[in-house]
Structure formats: C-alpha cells, structure tokens
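Below is one structure, written out as structure tokens, with a few remarks after it.
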Protein chains: 2
Amino acid sequence: MEVFEFLSDTQGKSLSTLASDLNQSPATVYRILVTLGGRGLVEFDQVDQVWNIGARAFVIGSRFLRRTSLVERARPFLRALMEESGETANIGIEQDGHVLFVSQVETRASIRAFFPPGTLSRLHASGIGKALLAEMDMQRFEKFLARAPLESFTEFTLTDRDALLEDLQVTRQRGYALDGEERNLGMRCIAAPVFDIHGEAVAGISVSGPTSRVGLDQVSRLGQSVLAAAGKLSAAIGGKSKQQMP
Amino acid sequence: MEVFEFLSDTQGKSLSTLASDLNQSPATVYRILVTLGGRGLVEFDQVDQVWNIGARAFVIGSRFLRRTSLVERARPFLRALMEESGETANIGIEQDGHVLFVSQVETRASIRAFFPPGTLSRLHASGIGKALLAEMDMQRFEKFLARAPLESFTEFTLTDRDALLEDLQVTRQRGYALDGEERNLGMRCIAAPVFDIHGEAVAGISVSGPTSRVGLDQVSRLGQSVLAAAGKLSAAIGGKSKQQMP
DNA sequence: TTGCATTTTTCATATGATGAAAAAGTCTTT
DNA sequence: AAAGACTTTTTCATCATATGAAAAATGCAA
C-alpha cells in the first residue's frame with residue numbers, strides 16, 4: 001500500500017530506485033509490485049523498465065466522483081462560465097488542507113491555466129482554497145493552520161496568518177476569492193464557494209488564466225461571473241449559503 | 001486490496017454487507033477499511049453509515065493519465081471535434097477487453113451522451129472499441145474473443161464472431177467505426193483509432209450522440225471529422241498508421 | 001428498559017510478509 | 001566469447017501481522 005502511494009507521487013521509477021527510496025528490500029518491493037500489477041493497480045513499462053500507476057487505479061479512483069452528482073451537475077455551469085469569461089473554469093473540493101481539482105472546462109485560448117483532475121494545491125495559495133477557507137469557522141481554520149506552515153510559492157503568497165485572515169475577510173465581504181499570482185507567477189484565479197443544503201461550502205468554482213488576460217481591471221467582472229455560476233450551482237443542488245439559512 | 005477493489009465496483013455499502021459479499025469476517029473487513037480510511041483511499045459516510053472510495057484514490061488514479069501526454073495533447077483536438085460536430089467528443093483506450101474512457105469534451109446540446117472518465121465499456125459494442133479491434137492482429141483478436149462471450153446489450157449488438165469480423169473489415173476500409181445503437185438504444189458513436197510512433201493503435205477518438213441528431217445520414221460526415229481529428233492527434237504525437245510505415 | 005443487530009476491540013493462532021541470500025537476467029567492456 | 005557489475009527474480013527461514021472467533025461497545029426500535 002505504501003508502495004502504491006509512493007509510486008503515485010513519483011511515477012516512472014525502477015524497482016531498485018523504489019526500494020532504495022522506501023528503504024525496503026528490493027525483494028519485498030518487487031513482490032508488492034507484482035501483486036499490484038496482477039490487479040492492474042500498477043503497470044510495468046517494459047521499454048523504460050519502470051513502474052507506473054495502472055489503469056485499474058484510474059477506474060477505481062474515478063468512482064470517487066460518482067458518490068454525488070455534484071461534479072456532473074457542475075459541468076454545464078462550468079461550461080457556461082468558461083464561455084462567458086473566456087478562461088478555464090474549474091471545480092475543486094477541500095481535501096486535507098489542499099484543494100483537489102476534480103473537473104475542468106478548458107478555454108480555447110492559446111495560453112491557459114490547466115489543473116488536471118487529481119491536482120492538489122495548497123488552500124491558502126489558491127482561489128478555490130481561499131473561497132473555502134473564508135467559509136470555515138475559526139476552529140476548523142485553526143486546525144488547518146496547525147497542520148502545516150503557510151508555504152510560500154511566490155512573492156505574493158500569503159504566509160502570514162493575519163494577512164491571510166484579512167484576505168479571507170475581504171473574500172467574505174466581496175463574495176469571491178482572488179489568487180493574485182500567489183501560487184504561480186503570471187497567473188490569477190477567481191473563485192467562489194458552492195453550498196450544499198446544509199449551508200456548508202462543499203466545493204469551489206473558479207476561473208483561472210494568465211495575468212495578461214486576467215488583469216486587475218478584469219477581476220471584478222470575472223468575480224461577478226464566478227459568483228453567479230457558483231450561486232446557480234448551489235441552487236441547482238438545493239444549496240444555500242449560511243446567510244440564507246433561517 | 002480485495003476490499004478496496006470490491007468497494008469501487010459496488011460503492012456505498014455497509015460493513016456487514018461488504019463482509020457478507022466478500023465472505024470474510026466483519027472484523028477483518030472492518031480493520032482493512034479503517035486502515036484504508038486512514039490513508040484516504042476509502043471514506044466512511046457517517047450519515048448513511050456506508051463506505052465509499054476516498055479522495056486519495058482519485059488522486060492516485062489520476063496519475064495514470066500523466067504517464068504520457070496523450071490525453072493532454074488530445075484535448076484541443078477533442079474540443080475542435082466537439083465544436084465541429086456538435087456532439088460530445090471522447091478519447092478512450094483499450095484495457096482488458098474494454099474501452100476505458102479517459103477524457104471527454106461535452107457538447108452543450110440538451111440531450112447528450114456522457115461517459116465519465118473511468119467508465120468501462122465492452123470493446124465489441126463501442127465505437128472506440130471497434131476502431132481498436134479493427135487494428136488488432138488476428139492473434140490478439142482471438143485472445144480478446146477467448147476472454148469472454150460477446151455480450152448482447154441491444155438487439156443491434158454484434159454477438160456473432162463473423163458478423164463482428166465483417167464489421168471490423170468495413171471499419172478498416174472506411175477508416176472509422178460505427179456503434180449503431182449496439183451499446184445503448186437511441187445512441188450512436190463514431191470512432192477512429194489514434195496511432196503512436198510505432199504504428200500501434202493506442203487510443204480511439206469518438207463523437208457520440210442521440211440517434212435523433214446522429215442520423216444515418218450524418219454518419220459519413222461525422223466519420224470524416226472523427227477521422228481527421230484522430231489523424232491530427234496521431235500526427236501530433238508523431239504517430240502513423242501501419243499503412244504509412246515503411 | 002430490553003432485545004436485537006451492527007460495529008469495534010481483544011486475543012490466540014495461522015498465514016504470509018519480510019529480508020538475506022542465491023539464482024537468473026541484462027548490459028557493458030575487454 | 002568471457003568477465004564483471006548491476007538489477008531483477010526466486011528461494012527459504014523467521015517473525016510480524018492478518019485472521020476469525022468471541023467479547024465488548026454502540027445504536028436503534030419497541
């Protein structure tokens with residue numbers, strides 16, 4: 001199991017590299033790989049003599065998205081958002097202090113942001129992440145903070161607790177979050193939370209694109225679009241934000 | 001491991017149901033689930049008291065698609081194909097006698113075919129499947145046949161070996177495959193193979209839609225579009241069909 | 001409160017995971 | 001072709017842990 005997970009983080013490695021990295025005997029790792037291979041969870045690349053994640057893992061993992069209809073229902077809204085904004089539209093959820101990107105509708109523009117499904121990105125340095133953080137109660141937020149330091153990705157990343165809290169306050173008032181080159185230089189992302197029937201923010205919707213197209217003068221316009229799309233999806237799943245709760 | 005895989009096939013089950021289905025003691029299954037749960041590979045739904053595939057499995061499985069750049073490179077072609085045809089464009093690969101759908105670009109049309117990533121469908125009753133079968137040598141084809149009977153899904157499904165062979169012959173001559181309500185009544189799918197640098201058919205591209213829009217009079221037109229898109233993707237990855245091999 | 005079903009924990013035993021070592025395979029150099 | 005180095009695969013004895021039975025805990029309905 002450890003081999004399986006390690007392999008997913010650092011794919012395309014030989015048996016001896018894996019054994020060395022995992023500090024386990026090659027014989028053990030070999031047998032695990034062969035067992036996993038027999039089930040299709042990993043695959044051996046004969047050409048390069050390396051091991052990779054297998055198709056069966058993809059099939060199994062895909063089942064994760066089928067537990068709710070959220071992603072399926074989100075797709076028309078994501079498409080409309082992509083078309084309205086001209087940028088790639090994403091939906092992501094919170095997972096262990098990270099945003100997990102689960103689905104995208106890509107723009108046709110030649111320079112585009114793309115986070116393939118399965119991408120993990122730190123909450124504090126992500127539009128969707130901050131939209132979700134802004135909806136957390138302080139207890140949960142403190143728990144998030146205690147998990148790991150606020151890692152710096154660019155000069156713009158918010159690594160100070162108070163700076164982050166202030167940003168989240170602005171996010172709540174504004175209704176949408178802005179990742180202004182905090183994760184990747186030259187990229188901006190605007191996101192809003194999606195609420196379920198309990199008033200919980202269960203996902204975030206965003207548009208992301210290069211700073212050349214998503215200038216600061218575009219943020220407000222795109223923010224309204226994202227907010228509207230997130231609101232429509234929330235409504236579509238019978239959701240409402242806490243302000244609308246009785 | 002067996003629990004993990006079983007859970008992906010039949011999600012949302014309670015501990016005792018799983019234990020009964022797997023013919024294992026509840027204690028064993030419980031501990032396996034708890035171990036898998038600790039790693040995020042499965043998750044317990046407190047509300048319904050059932051176990052589901054977890055986010056970590058999705059993350060790991062997603063790595064399967066990152067082994068090659070095929071899917072990423074295919075997306076622009078899929079998008080163009082969707083826009084040209086007005087139908088949902090898919091890319092799938094062969095996996096253990098099935099088509100594994102790995103990515104889609106959905107149409108906006110109100111009635112649409114959608115096979116979420118991770119969907120498995122029998123080769124012989126699928127456009128992509130038949131496009132790939134048509135490129136197999138007889139040895140591999142016989143191996144495919146020996147694997148399982150040609151299951152019938154609709155009255156149109158090809159369940160006779162000779163009928164299938166004839167269809168594949170037509171597919172080869174024509175360049176594209178047609179699934180004419182063979183998997184789902186009311187649905188048609190047109191597909192063509194994508195070749196790699198070795199001249200191997202490594203994937204299939206298709207458009208699929210309801211018979212109301214994909215009438216028999218549309219098949220030839222759409223076939224040309226699919227064929228062109230598959231050809232472009234093949235060229236983009238340095239691929240060529242066997243006929244083009246020296 | 002009682003009874004029943006399900007889940008969770010404990011415990012003794014059996015199974016199989018483990019690493020060392022040997023065997024086999026692969027590649028490069030002479 | 002032979003030798004050497006390295007990697008992978010198989011064998012084997014040992015021990016760690018997976019297993020199921022049983023007990024304890026929890027949850028739900030009457």
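Of the residues listed (V29(B), D45(B), L36(B), L7(B)), the one engaging W51(B) in a side chain to side chain contact (heavy atoms under 4.5 Å, CB included) is L7(B), and it is the only one.
For the pair D48(A) CG and dT26(C) P, the interatomic distance rounds to 17 Å; values are reported in whole Å. Between the P atom of dA16(D) and the CD atom of E2(A) lies a distance of 17 Å, rounded to the nearest Å. At whole-Å resolution of the value, CG in L33(B) and C1' in dA18(D) are 14 Å apart. We find that CD of Q24(B) is positioned 6 Å from P of dT19(D), with the value rounded to whole Å. For L15(A) and dG19(C), the CG to C1' distance is 14 Å, given to the nearest whole Å. Summarising the geometry, the separation between CD on Q46(A) and P on dT7(D) is reported as 18 Å, rounded to the nearest angstrom. Remark: P of dA17(C) and CG of L22(A) are 17 Å apart, rounded to the nearest angstrom. For the pair K13(A) NZ and dT8(D) C1', the computed distance is 18 Å after rounding to whole Å.
Nearest-nucleotide assignment on DNA chain C puts the 5′-proximal partner with V34(B), out of N23(A) and V34(B).
Within the structure, every side-chain polar atom (N or O) of Y30(A) is placed at least 4.0 Å from both OP1 and OP2 of dT8(D). Note on S25(A): every side-chain N or O is 4.0 Å or more away from OP1 and OP2 of dT18(C). Close to dT6(C), at under 4.0 Å from its OP1 or OP2, lies no side-chain N or O of S14(B).
Between the side chain of R31(A) and the base of dG19(C), at least one donor-acceptor pair of N or O atoms lies under 3.5 Å.
Salt-bridge formation is detected for the pair E43(A)/R67(B): a Lys NZ or Arg NE/NH1/NH2 atom is positioned less than 4.0 Å from an Asp or Glu carboxylate oxygen. Classification of R172(A) and E135(A) as a salt-bridged pair fails, no side-chain N sitting under 4.0 Å from a carboxylate O. Classification of E2(A) and R39(B) as a salt-bridged pair fails, no side-chain N sitting under 4.0 Å from a carboxylate O.
Ring geometry, F4(A) versus F4(B): the interplanar angle exceeds 60°, so the pair is classed perpendicular (tilted spans 30 to 60°).
At a threshold of 4.0 angstrom between heavy atoms, the contacts of S16(B) are confined to the sugar-phosphate backbone, with no base atom among them.
Of all nucleotides listed (dA22(D), dT18(C), dT19(D)), dT19(D) comes nearest to the side chain of I32(B).
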